[in-house]
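Below is one structure; the comments refer to it alone.
Below, chain A is the first sequence line, B the second, and so on; all start at residue 1. As a basis for the values below, the full set of heavy atoms in this structure was taken, side chains included, without hydrogen atoms, waters or symmetry mates.
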Amino acid sequence: MSLIHRRLNRFPGLSSVNAWNFQIRDAVNRNDPAESLFLFREMKRRGVEPNNFTFPFVAKASAKLAEIAYSEMVHAHVLKSPFWSDVFVGTATVDMFVKCNCVDYAVKVFERMPERDAITWNAMLAGLCQSGHTDKAFSLFREMRLNEIPPDSVTLMTLIQSASFEKSLNLLKAIHAFGIRLGVDVQVTVANTWISTYAKCSDLDSAKSVFESIDRGDRTVVSWNSMFKAYTIFGEAFDAFCLYRLMLREEFKPDLSTFINLVASCQNPETLTQGRLIHSHAIHLGADQDIEAINTFISMYSKSGDTSSARLLFDIMPSKTCVSWTVMISGYAEKGDMDEALALFHAMTKTGVKPDLVTLLSLISGCGKFGSLEIGKWIDTRADIYGCKRDNVMVCNALIDMYSKCGSITEARDIFDNMSEKTVITWTTMIAGYALNGIFLEAFELFSKMIDLDYKPNNITFLAILQACTHSGSLEKGWEYFLMMKEVYDISPGLDHYSCMVDLFGRKGKLEEALELIRNMSAKPDAGIWGALLSACKIHRNVKIAEQAADSLLNLEPQMAAPYVEMANIYAAAGMWDGFARIRSMMKQRNIKKYPGESVIQVNGKNHTFTVGERGHVENEVIYLALKSLSLFARDEHIMHKEQSYELCWV
DNA sequence: CCACAAGCGT
């Protein structure tokens, strides 16, 4: 208080409103909204009445704080003052409520304003667009036009946000066309927004053509960066790299975002070299010291399989954020090194960095993928300690997935049952869990329950339920779901769905039907689908269809050994030795080699490799004895499942 | 004495 006193007394004119106004404005501009609001209260306490300039400043401060309680207070003061009808004050209030995520309040203020100008309309429009009230936004926009408020470039930018929110290409094209027809001045910023929004709406070509339409001289580094980001979204790492070279040739200076967007396009081992080049160029230009950039580089290395480079960068970075730790942890978790991931997690909490949702989710999903049930349980019991409540839908979904992948289906179901709020993903995960664990009746039951409760299944839900059908051999049920998907939910089946159906028909020996289904597909059948048909032909010894399947398969992937081997076996089983010989010579001619499959399992951090027919492991005898008893056990299980699926025929 | 409100890429 004394500090304030001293500061206030330094301004002789502080008895006047203006002096207070400047203090309040300065605090906002210093990015100290709390101080600004404090000064406002102090001013009121001393009996100085705010004027029409005071409120917009205070509203801006409250908008920055984004606390509804403060905003309501400011609004109450506005209403009590004679300036509530002022356009500036009203617009600032609308904006304040928008920034507090209180669109309803903003609308109320907007509707009561006796006078509005273009900025008021734009502010209101932004509120509706940003909060996802797209329909309301467009009806406001129509009203705006009826009131003959000419839309400007800000209006246009605001509307683009709604297209971005809806991820609707049609909407975006409509707004783009509208902008062109209206002749709104095309500033670079507008063009840059077109680029990134086209990319978000999955239209890379339009993004490219907008970029190319900007005059060379008008392009800014943001234009280039937006293009890199676009290529990254589409996974076009090489195009991004070529564009970067062009950028340098045209003597543009890359900035931090350039590197962040550019290196983000390198996500797999094939692009590792390119990622390295970009990283070294960033070092060369001194753009490798920023924490966010380093995080992106670490992510690039670990996703490309170069964990040691990732770790090196991680270890030498001077300070680490939650993202840095999370990127490194998920690098290990995705690779299956759960022990190292967990060790790093401990180190993270020890350092005092609080894990966030992403940290937990990547750990949990790693446990599921690699069957680390113990670690998974450990994280589960501590989830709320680390700031992620166990009632968080995403955490619960991940836990259901983890438990069911580890075979603990009852624990998965327990979480499912205790969730206060479920999404389609929750249901899908649970159904997939049952399918994976061979508990098909539950999967089907859950699916109908889900529909009874008015959840709308999506393409992944249908994939899960079709997989349940495939694994239980329930052809009729599968066909029913397949039709339901198209006819009731208007979801066109993807390659995976077709693959399931081909598998189902194939296993039942209905090879003609399977082939017919493939022929009627709208999309081009992929290797998985032909492969499913081919292995079905092998079971049911149908040489004719097998030849077609193998033929299509070899057209798609001529270097893949499996179809040759499969086909050769089919010929052999049918006693067609000339066919067999033809395949063998084809393999020889095309230099196709079949490597025996390997199976790797990690025990206590050591890799153990097994190949077909090989008995070289030190503990060979124990292992194969255990394996034998397991397969006897599995046979019993199998019979049980078969009975279960017979039951289904009566349902 | 001066002045206040809207939009945009990572």
Side-chain angles (χ1 to χ4, degrees), chain A residues 11-13 16-26 28-29 36 50-63 78 83 86-99 106 109-110 113 115-130 137 140 144 149 151-164 175 179 184 186-200 207 210-211 214 219-233 254-265 287 290 292-293 295-296:
Chain A
F11 296 90
S16 81
V17 196
N18 282 338
W20 285 97
N21 284 350
F22 292 128
Q23 288 297 302
I24 293 171
R25 185 192 64 176
D26 285 350
V28 179
N29 292 343
S36 178
N51 67 9
N52 56 330
F53 287 105
T54 320
F55 290 114
F57 291 137
V58 179
K60 196 171 183 181
S62 187
V78 169
F83 306 106
D86 182 280
V87 194
F88 283 74
V89 173
T91 307
T93 314
V94 168
D95 184 52
M96 173 181 77
F97 280 129
V98 164
K99 299 262 161 66
V109 175
F110 179 80
M113 282 172 71
E115 194 194 329
R116 305 164 190 147
D117 64 10
I119 297 179
T120 319
W121 285 88
N122 280 343
M124 191 63 250
L125 196 63
L128 292 172
C129 289
Q130 281 160 7
L140 188 82
M144 187 174 169
I149 312 285
D152 58 7
S153 67
V154 175
T155 316
L156 215 62
M157 292 276 238
T158 306
L159 288 175
I160 298 171
Q161 284 182 73
S162 67
S164 172
I175 299 166
V184 166
V186 182
Q187 303 158 10
V188 220
T189 47
V190 181
N192 293 344
T193 313
W194 294 128
I195 295 174
S196 54
T197 315
Y198 269 120
K200 262 186 214 154
V210 171
F211 177 78
I214 311 174
R219 279 177 203 168
T220 63
V221 68
V222 178
S223 320
W224 295 91
N225 291 353
S226 304
M227 242 358 258
F228 297 137
K229 169 89 180 166
Y231 281 129
T232 296
I233 292 175
D255 66 0
L256 263 174
S257 301
T258 310
F259 290 109
I260 292 174
N261 288 324
L262 189 58
V263 88
S265 70
D290 176 84
E292 274 186 44
N295 293 342
T296 322

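Nearest nucleotide to the A:Phe22 side chain, out of B:dC2, B:dA5, B:dG7: B:dC2. Side-chain proximity of A:Asn21 to the nucleotides B:dC8, B:dA5, B:dA3 is greatest for B:dA3. Nearest to the side chain of A:Phe57, among B:dA5, B:dC4, B:dG7, sits B:dC4. Checking B:dA5, B:dG7, B:dA6 against every side-chain atom of A:Asp152, the shortest atom distance belongs to B:dA6. Distance from the side chain of A:Asp95 is smallest to B:dG7 among B:dG7, B:dA3, B:dG9. Residue A:Asn18 places its side chain closer to B:dA3 than to any other of B:dA3, B:dG9, B:dG7. Which of B:dA5, B:dA3, B:dA6 sits closest to the side chain of A:Arg25 comes down to B:dA3.
Below 30°, between 30° and 60°, or above 60°: for A:Phe55 and A:Phe83 the angle between ring planes is between 30° and 60°, a tilted geometry.
Among A:Val98, A:Val109, A:Asp86, the single residue meeting the side-chain contact (heavy atoms from CB on, under 4.5 Å) criterion with A:Thr93 is A:Val109.
A:Ile195 places its CD1 atom 17 Å from the P atom of B:dC8, with the value rounded to the nearest Å. Following rounding to the nearest Å, A:Asp117 (CG) and B:dA6 (P) show an atom-to-atom distance of 11 Å. As rounded to whole Å, 10 Å separates atom P of B:dC8 from atom CD1 of A:Ile160. Whole-Å rounding puts the A:Tyr198 OH to B:dC8 C1' distance at 16 Å. Residue A:Lys99 contributes atom NZ, which lies 4 Å from atom P of B:dG7 at whole-angstrom precision. Distance CZ (A:Arg219) to C1' (B:dG9): 16 Å, rounded to an integer number of Å. What separates OH of A:Tyr231 from C1' of B:dG9 is a distance of 16 Å, to the nearest Å. Atom P of nucleotide B:dA5 and atom CZ of A:Phe97 are separated by 18 Å, given to the nearest angstrom.
Considering only heavy atoms from C-beta on, A:Thr155 comes within 4.5 Å of A:Met144 through its side chain. Side-chain atoms of A:Asn192 and A:Ile214, non-hydrogen and from C-beta on, do get closer than 4.5 Å to each other.
For a distance-only test at 3.5 Å, the side chain of A:Asn122 fails to qualify as a donor-acceptor partner of the base of B:dA5.
The phosphate of B:dA5 (OP1 or OP2) has a side-chain N or O of A:Lys60 nearer than 4.0 angstrom.
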